[in-house]
Amino acid sequence: MLKKLNILIVASEVVPFAKAGGLSDVVGSLPKELQKLGHDVRIVMPRYYCVDKDKWNLKPVGGPLGVPMGIIGELWCGVMEGRIPETDVPIYFIEHEHYYGRENLYTDESGEGFMDNDNRFVFLSRASLEMCKMLDFKPDVIHVNDWHTAVIPVLLNTAYRHDAFLNEAGTLLTIHNMEHQGDFYEGLMDVLGIGWDYFNYLNLEMYNKTNLLKGGILHSTLINTVSDSYAHEIQTPEFGWSLDGVVRERAGDLFGILNGIDYDIWNPETDSHIAQNFSINDLSGKAVCKRDLQRIFGLPERPDVPLIGIITRLVKQKGIDILAETIYGMLDLDVQIVMLGSGEVWSHFYFGDVAHKIKDKFAAYFGYNNTLAHIIEAGSDFFLMPSKFEPCGLNQMFSMAYGTLPIVRATGGLNDTVENYNEYTGTGTGFKFYEFSSHALYNTVAWAVYTYYHNPQAIDKLKRTAMERRFTWEGSAKSYEELYYEAAQRRLGKFKFDQRFKELAKV
């Protein structure tokens, strides 16, 4: 039998409490499956103002917590405890009004990152470690996510290397998005309080800045990304964002684990957000959902027209630049398109103007609305994701569950999860293009639309095949469990079984 682990997961956002991207979905779902495997798993995140204490029944735990912040001195915070909904998984919120008493997670109203994001997330990292001691929770593994908490492995190897309570914890760094690295001015080293000896190319220094993600990559016991393809891509100059060489140095400790989705939430048979439930055995409800989607967005209620859904952050990573270049060409086809998302200011004006000019074919809602997201997934015939890069992607998985065929660029998790339509065998779950260009995007959309009109039997088969695919957290959790065991073993014994971990061996 296997030893059950004490696992601490530290992240800047967690569904359903606060969400800006796919990171929150991962941290909100993975612990549920880990707990089912018998592990004691706990989560830490900031208590932003958008996290309502009364709504989530948060209670203070422990007393005031002192957090060392280098040259700033010791700062104090509170810790509040809640539960992941419908589970017994504890989640702790670091309460500090100066750092987290804001509605937004990372940016101000103009979309610019907060000037003190460096201190905010160093504080989260330090507070998480100090909280473990306050709660007498000794982690076997600490799972950190992206640059926001990537400094934890660095701290364990430096400031806490003589701390008997914490220094045996293995670490796993999950890279959800390599582009964002947490690179700040060099003076952050004084806040970290680990000494300037670590401001060098073998540690945190990168182009004369303090790069927190680089430090995490070099100091973590193990590293993973959220798809196999992305694990390979970040070792290349195109997707490594200048850290590809650093990643290649750790290639032997790098793994890809595909994200899962929560089928209790994204299930057309039980979804309470949509006009009519449906299943792979009875798709009639999908037509009702399509009509409802057209009505909500003010489009002509045509059952015969292919309806393309888009739910995205309106940023260049998601391919909105090549979408803007070809949107009018796509609308020259006999299609309808609905868009849900927010992001770069220019995109709101640009796509808003398209919606104003071509009201019978294109409609947009700028912002995020969870109910609309479900309605779009259920009512669309196709779902468009023309990403420049996509570490994993979740919407293509949601779409397949609803019989909505993804049209994607073959990158990262999109390439790993979508099987391209083969006209000769009739197999596949969607449509893929490879070159990142408006030309390739247009041709692939046109291919999907042509197939819709001229080969409805193939479209029906693709829908049913897509609905049969399952991307569950159960399988992903077991892969994470294996990495946790490996990280714990390496930290303690450098590939040898420590006396404390002999029970890890199967008997």
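Starting from 1, each residue takes its place in the sequence as its number. Note that the coordinates shown come from a computational prediction; the quantities given were computed from them, not determined experimentally.
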From [X] atom [atom1] to [Y] atom [atom2], the distance as rounded to the nearest 0.5 Å:
X	Y	atom1	atom2	result
Asn145	Asn224	CG	CG	8.5 Å
Met206	Asn200	CE	CG	13.0 Å
Phe383	Ile310	CZ	CD1	8.0 Å

*Which residues pass the ring-ring contact (aromatic ring centres under 6.0 Å, His included) test with Tyr480, sequence neighbours left out?*
His143
*Working for side chain to side chain contact (heavy atoms under 4.5 Å, CB included), residues Phe121 and Trp147*: CA-CA 9 Å; Phe121 292 107; Trp147 72 262; 3.6 Å; yes
_Non-hydrogen atoms of Phe165 and Cys132 that approach each other most closely_ = CE2-O, 3.6 Å
_Among Phe398, Phe471, Trp473, which residue satisfies the ring-ring contact (aromatic ring centres under 6.0 Å, His included) criterion with Trp266?_
Phe398
*Quick one: do Glu377 and Ile274 satisfy side chain to side chain contact (heavy atoms under 4.5 Å, CB included)? Show the steps, please.*
CA-CA 9 Å; Glu377 292 286 11; Ile274 63 179; over 6 Å; no
*Count the heavy atoms of every other residue, nucleotide or ligand shown that sit under 6.0 Å from CD of Glu474, and state whether that count exceeds 12.*
no
*With under 30° as parallel and over 60° as perpendicular, where do the rings of Phe17 and Trp56 fit, or are they tilted in between?*
perpendicular
*Which word best sums up how the rings of Phe123 and Tyr100 line up, parallel for under 30°, tilted for 30 to 60°, or perpendicular for over 60°?*
tilted
*Centre of Phe114's six-membered ring, under 6.0 Å away, within 45 degrees of the axis: is that where NZ or CZ of Arg102 sits?*
yes
*Identify whether NZ of Lys or CZ of Arg in Arg42 sits under 6.0 Å from the centre of the six-membered ring of Tyr92 and within 45° of that ring's axis.*
no
*Could Glu419 and Arg469 be called an ion pair, given the rule that one side-chain N must be under 4.0 Å from one carboxylate O?*
yes
*For Arg120, check salt bridge (charged side-chain N to carboxylate O under 4.0 Å, His left out) against everything at least two apart and list the hits.*
none
*Mind checking what makes salt bridge (charged side-chain N to carboxylate O under 4.0 Å, His left out) contact with Glu205, not counting sequence neighbours?*
none
*CA sep, side-chain torsions, deciding dist, call: Phe239, Asp244, side chain to side chain contact (heavy atoms under 4.5 Å, CB included)*: CA-CA 8 Å; Phe239 297 105; Asp244 51 290; over 6 Å; no
_Walk me through whether Phe382 and Phe431 qualify under side chain to side chain contact (heavy atoms under 4.5 Å, CB included)._
CA-CA 9 Å; Phe382 300 100; Phe431 298 82; 3.8 Å; yes
